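For clarity, every value in this text was computed on a predicted model and none was experimentally measured.
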Amino acid sequence: MLLVATYCPVANAVSVIISDGIDNYAVKTRMENAIMRILNEVNAAQSNHRNLNFYAMGVNTQVQRSMAMLWENSPFFCTDDEIVEHCITTGHGYQIRNIPLMMKPTGEREFNEDEYQEAVISFDRQGNVESFYLSISINLYMNVIKSNIELTDLRRRQMILDYVEQFRTAYNQRDLQFLNQVFSEDALIITGKVITQRHPEGFMSQKIRYNKQSKQQYLNNLSKVFYRNNYIRVSFDEIEVMRHPTNPNFYGVTLHQGWTSSTYHDEGYLFLLWDFRNEYAPEIHVRTWQPDRIGGKPLPRDEVFSLSDFDIK
């Protein structure tokens, strides 16, 4: 089924300039042209109420799959006529961040600030597009990168941020295949829910009740959530990455998450325990979620799950 926004922009041409960060002129030009092809095709498809033409974009099947799933959940377009951005060098190639998008789930009538998103496009060293994801803000990205300890730590922090952006985009895309891949088979899933207690003395109080799930239970429940909702929008506005002090292959990632869907909205803290013993296929062993408020007050930070709450054997 073709999904389009109620409001469609005029398909103006988008020009892209990579200002600095890469010295190879041929690769730089290839990357600029690739981004322009993608954004101009996105705008043309949105304006003409049609599906994306991946032949016009010239992207591989992995990028096609990612963009098609995102388009199905929430069509998008670029509002800027000109994009001038810095190139970031990664362990595998390059990234261009801060690509402005407006997203409009089908059925919504009015725009709001949540519909503004930014994309990140990753390239290999030859300038070929490797991925297209919704990104975290550049400020969050740079805060994590600047806190690296050594070169290996920097590489892993970049990988964690890449995976966090894939993780976020996977919920927006309703991509169970990626989530199944990234969670270890024995992953521990913990979710918290605020419950109200009535005491014999007549007063009421609130506490968080935690529920444990296996990976398969979590994915089964999540598939039902995906089915019930016309759209899902996940965002992160805080992120903290900590390397384990004695097991340097393990990292704890704490995020402040916003979840908005056609049936539900909440905000809370998401914690992920990453295992980098296999750098080519890192896994999540623990996922926790807690509401960020209880009894009308912010959840104390010392009650937010962190790396120190889990034993690594």
Side-chain angles (χ1 to χ4, degrees), residues 3-9 11-12 14 16 34-47 51-52 57 59 63-86 88 95-122 129-144 161-175 178-179 226 229-239 255-262 264-267 270:
L3 300 179
V4 295
T6 304
Y7 167 76
C8 295
N12 294 327
V14 180
V16 176
I35 299 172
M36 285 189 285
R37 284 196 305 271
I38 290 172
L39 296 182
N40 287 323
E41 168 53 26
V42 162
N43 283 359
Q46 182 67 273
S47 182
N51 283 322
L52 297 173
M57 293 186 192
V59 293
V63 178
Q64 292 178 27
R65 177 181 178 273
S66 177
M67 294 188 69
M69 294 180 70
L70 193 59
W71 187 266
E72 180 73 13
N73 186 45
S74 183
F76 51 92
F77 56 91
C78 178
T79 57
D80 289 16
D81 294 330
E82 182 179 73
I83 295 174
V84 181
E85 283 298 333
H86 169 77
I88 295 175
Q95 280 188 347
I96 303 299
R97 308 183 65 85
N98 306 330
I99 298 172
L101 300 177
M102 288 296 293
M103 312 191 75
K104 182 65 175 177
T106 298
E108 290 190 288
R109 295 181 177 275
E110 297 180 1
F111 285 93
N112 60 63
E113 62 182 9
D114 292 335
E115 287 162 353
Y116 175 80
Q117 302 284 346
E118 291 180 348
V120 52
I121 300 179
S122 297
V129 177
E130 287 196 320
S131 65
F132 180 102
Y133 299 119
L134 300 180
S135 65
I136 59 175
S137 74
I138 189 63
N139 290 336
L140 293 181
Y141 183 92
M142 294 309 298
N143 285 342
V144 173
L161 290 170
D162 287 345
Y163 271 98
V164 163
E165 289 172 334
Q166 292 183 57
F167 191 78
R168 176 200 174 196
T169 304
Y171 284 96
N172 286 270
Q173 295 169 330
R174 293 180 279 192
D175 186 355
F178 172 78
L179 296 172
F226 287 170
N229 288 275
N230 294 328
Y231 70 91
I232 293 171
R233 192 179 300 134
V234 172
S235 61
F236 299 135
D237 59 15
E238 294 178 23
I239 179 170
L255 304 128
H256 186 260
Q257 173 185 282
W259 173 291
T260 301
S261 70
S262 51
Y264 181 71
H265 172 78
D266 66 31
E267 295 185 9
L270 178 70

For side chain to side chain contact (heavy atoms under 4.5 Å, CB included), just list the numbers for Tyr116 and Thr79, CA-CA rounded to whole Å, side-chain angles, deciding distance to a tenth of an Å, and then say yes or no.
-> CA-CA 10 Å; Tyr116 175 80; Thr79 57; 5.8 Å; no
Validation row: Trp71, Val42 side chains within 4.5 angstrom (heavy atoms) =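 In short, these two side chains touch, coming nearer than 4.5 Å.
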Side-chain contact, heavy-atom cut-off 4.5 Å: Val63 with Met57?
->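 Sidechains of Met57 and Val63: no contact.
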To the nearest 0.5 Å, what is the distance between [atom1] on [X] and [atom2] on [Y]?
X	Y	atom1	atom2	value
Ser135	Ile96	OG	CD1	12.0 Å
Tyr171	Ile232	OH	CD1	9.5 Å
Glu85	Ile35	CD	CD1	9.0 Å
Phe132	Leu70	CZ	CG	6.5 Å
Leu179	Gln166	CG	CD	10.5 Å
Ser66	Asn172	OG	CG	10.5 Å

Is a side-chain donor or acceptor of [X] paired with a backbone partner of [Y] at a separation under 3.5 angstrom?
X	Y	value
Gln64	Val59	yes
Arg168	Tyr133	no
Asp80	Ile83	no

Those residues that, when tested against Tyr163, pass ring pair (Phe, Tyr, Trp, His ring centres under 6.0 Å) (two or more places apart) =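 Tyr163 satisfies ring pair (Phe, Tyr, Trp, His ring centres under 6.0 Å) with Trp274 only.
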Member of Arg233, His265, Glu267 meeting the side-chain hydrogen bond (donor to acceptor under 3.5 Å, both in side chains) criterion with Thr260 |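 Option passing the side-chain hydrogen bond (donor to acceptor under 3.5 Å, both in side chains) with Thr260: His265.
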CA sep, side-chain torsions, deciding dist, call: Leu134, Met103, side chain to side chain contact (heavy atoms under 4.5 Å, CB included) | CA-CA 11 Å; Leu134 300 180; Met103 312 191 75; 4.0 Å; yes
How far apart are the C-alpha atoms of Gln95 and Asp162, what are their side-chain angles, what is the distance that settles it, and do they pass the side-chain hydrogen bond (donor to acceptor under 3.5 Å, both in side chains) test?
-> CA-CA 10 Å; Gln95 280 188 347; Asp162 287 345; 2.7 Å; yes
Output, in order, the C-alpha distance, side-chain angles, deciding distance and verdict of side chain to side chain contact (heavy atoms under 4.5 Å, CB included) for Gln117 and Phe76.
-> CA-CA 9 Å; Gln117 302 284 346; Phe76 51 92; over 6 Å; no
Taking only residues two or more places apart in sequence, or in another chain, which ones meet Arg37 in a side-chain hydrogen bond (donor to acceptor under 3.5 Å, both in side chains)?
->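 Applying side-chain hydrogen bond (donor to acceptor under 3.5 Å, both in side chains) to Arg37 gives none.
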Audit row: Glu118, Ile138, side chain to side chain contact (heavy atoms under 4.5 Å, CB included) steps and yes/no | CA-CA 10 Å; Glu118 291 180 348; Ile138 189 63; 5.7 Å; no
